[in-house]
Amino acid sequence: MTDRSAENPLLSAVGLPPFDRIGPEHVLPAVKQLISDCTQLLEQVEQTAGPNWESIFPPLDEIGRRFERTWGPVSHLFGVKNSAELREAYEAAQPDVVEFGLRISQSEPIYKAAKGLRDGAGWSQLDSAQRRIVEQRVRSAELSGIGLTGDKRKRFNQIKQELSKLGTTFSNHLLDATKAYALVVRDPADADGLPMSLRRLAAQSFNSQKPESEPAATPEQGPWRITLDIPSYGPFLQHCRNRTLREEVYRAYMTRASSGELDNSEICRRILELRRELAQLLGYENYAQVSLAEKMAPEPQAVLELLEQLRSASWGSGETDMQEIHELAIASGCAEELRHWDVPFWAERLRERKFR
């Protein structure tokens, strides 16, 4: 048998995914092969599925494992090592992946076999974990539009495809907006208080982006490039003593992808519209009910009640913490009213005082 992983690392079936060998050019061929192989497996399951565990779930688990081996690494790299080439490959393959997911979720033979197992004599032979899996398979099929026919089924699938594309676009906008901002700190006085770990990271970031004509940065002398990535943004708000710079970075972070070409506002509105329509197609009043259909909370109101329990239980301690932060800030000479970009800084000072 030919080792297909020698030509395409995304088709490797043993060991850990070979991330060092995966490139954007491997994505489409691997996904096409994956879906072709899994379609054959699915057709075999549909032909042999009956109201028993062995004919349904082991082969479905095999299909799931194959997707984990091939599409899982692609999704991971898309999130952590995004590039224009990988983005293009991911977006080209995504519709086929979504379509196959709908195909397997809306399989009538598998749905009928799972229901037959749940409602038949074989149910008593299953352990609690197996029963949970069967119930989830049946419920998942129902939430995937198995009960819809004709134009309603077609519209449901169109919504799922559009939601998938919108989710990807939303993530791309957020990533691009995060990358688009940087604050270069050149005055050593403005870097006063920054820990050496952040200075090293910021100097390295500056060197990766600087013009060739500019001298290299050092952790001790700078310049320091602060970005909106959490390893840079978080420590900067905690340690930067320049309040104006903290405000600038905070506002940049909180307003990412909210204006210009990367504005996600309309995407958010469209997602809400499509989720509402999807819920109504499935016979629910709203999307919150759809989301909770596979979760522990029985209804949206129960979620709100739990959140209120958490809020009320933690409110007193939160007020005490904020009072301590205010008192420390005032005692340290801070005359301004504390704002959102001030709290991480003074909270870190309080932590240092109390626990170091």
Side-chain angles (χ1 to χ4, degrees), residues 170 173-203 205-206 217 219-260 262-269 272 303-356:
F170 181 98
H173 283 182
L174 187 60
L175 177 62
D176 290 345
T178 300
K179 289 183 175 180
Y181 175 88
L183 170 70
V184 176
V185 177
R186 296 183 179 275
D187 187 346
D190 291 333
D192 189 27
L194 300 184
M196 185 53 66
S197 58
L198 178 57
R199 286 170 174 258
R200 292 193 189 98
L201 180 66
S205 177
F206 178 84
E220 295 77 14
Q221 299 298 322
W224 303 273
R225 184 174 181 267
I226 304 301
T227 71
L228 299 183
D229 294 317
I230 292 300
S232 178
Y233 168 81
F236 186 78
L237 252 63
Q238 289 178 320
H239 298 284
C240 177
R241 296 177 182 175
N242 186 320
R243 188 171 188 257
T244 301
L245 295 184
R246 291 202 308 268
E247 178 181 359
E248 178 184 335
V249 173
Y250 173 85
R251 289 187 180 277
Y253 184 86
M254 298 304 294
T255 58
R256 291 172 301 159
S258 63
S259 62
L262 302 177
D263 190 353
N264 273 334
S265 302
E266 187 57 39
I267 292 177
C268 291
R269 283 189 284 269
L272 292 175
V303 177
L304 297 176
E305 291 174 358
L306 175 61
L307 291 174
E308 174 56 26
Q309 289 178 13
L310 294 173
R311 186 206 64 79
S312 60
S314 61
W315 190 261
S317 297
E319 285 187 317
T320 300
D321 289 343
M322 282 302 301
Q323 183 62 34
E324 287 188 82
I325 291 172
H326 274 280
E327 291 175 354
L328 175 59
I330 292 172
S332 301
C334 178
E336 301 90 349
E337 178 184 357
L338 292 193
R339 305 297 295 271
H340 294 294
W341 47 89
D342 298 317
V343 173
F345 177 82
W346 290 110
E348 183 64 15
R349 305 290 79 71
L350 180 62
R351 186 187 70 81
E352 290 171 349
R353 174 172 294 192
K354 294 179 68 173
F355 302 113
R356 284 189 178 180

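Of all non-hydrogen atoms in F206 and A217, the two that sit nearest each other are CD2-CB, 3.5 Å. For the residue pair R241 and G193, the shortest heavy atom distance occurs at NE-CA, 3.8 Å. Annotation for L350 and D321: closest pair CD2-O, 4.4 Å, computed over non-hydrogen atoms. For the residue pair F236 and V185, the shortest heavy atom distance occurs at CE1-CG2, 4.5 Å. For P219 against A203, the heavy-atom pair with the smallest separation is N-CB, 3.8 Å. Closest non-hydrogen pair, H173 versus D263, comes out as ND1-O, 3.9 Å.
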Which atom pairs, donor and acceptor, lie under 3.5 Å between side-chain atoms of residues 325-334 and protein residues at least two apart or in another chain?
residue, atom, partner, partner atom, Å
E327, OE2, Q323, NE2, 3.1
S332, OG, L328, O, 2.8

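Between the side chain of D229 and the main chain of P231, no donor-acceptor pair closer than 3.5 Å is present. The backbone N or O of A191 lies less than 3.5 Å from a partner atom in the side chain of R199, making a donor-acceptor pair. In terms of modelled atom types and a separation under 3.5 Å, the side chain of S205 and the main chain of L201 share no donor-acceptor contact.
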* side chain to side chain contact (heavy atoms under 4.5 Å, CB included) between L198 and W224, worked out -> CA-CA 9 Å; L198 178 57; W224 303 273; over 6 Å; no
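Inter-residue side-chain proximity for L194 and C240 is flagged as met; some heavy-atom pair is nearer than 4.5 Å.
Shown here are the ring pair (Phe, Tyr, Trp, His ring centres under 6.0 Å) partners of Y233, two or more places apart in sequence or in another chain: Y253.
Once rounded to the nearest 0.5 Å, the distance linking CG of L245 with CG of D190 reads 5.0 Å. Taking OG from S314 and CD from E319, the interatomic distance works out to 10.0 Å, rounded to the nearest 0.5 Å. With values rounded to the nearest 0.5 angstrom, E247 atom CD is found 11.0 Å from L237 atom CG. Atom CZ in R186 sits 11.5 Å away from atom CZ in R225 (nearest 0.5 Å). The CD atom of E324 lies 11.0 Å from the CE atom of M322; values are rounded to the nearest 0.5 Å. One distance of note links CZ of R256 with CG of L175; it measures 10.0 Å at 0.5 Å rounding.
Atom CD of E308 has more than 12 heavy atoms from other residues, nucleotides or ligands within 6.0 Å. Within a 6.0 Å radius of CZ in R353, no more than 12 heavy atoms belonging to other residues, nucleotides or ligands are found.
Listed by first then second residue, pairs satisfying side chain to side chain donor-acceptor pair (under 3.5 Å) with a partner in residues 338-351 read H239-R349, R243-D342, R246-D342, E348-R351, R349-E352, not counting sequence neighbours.
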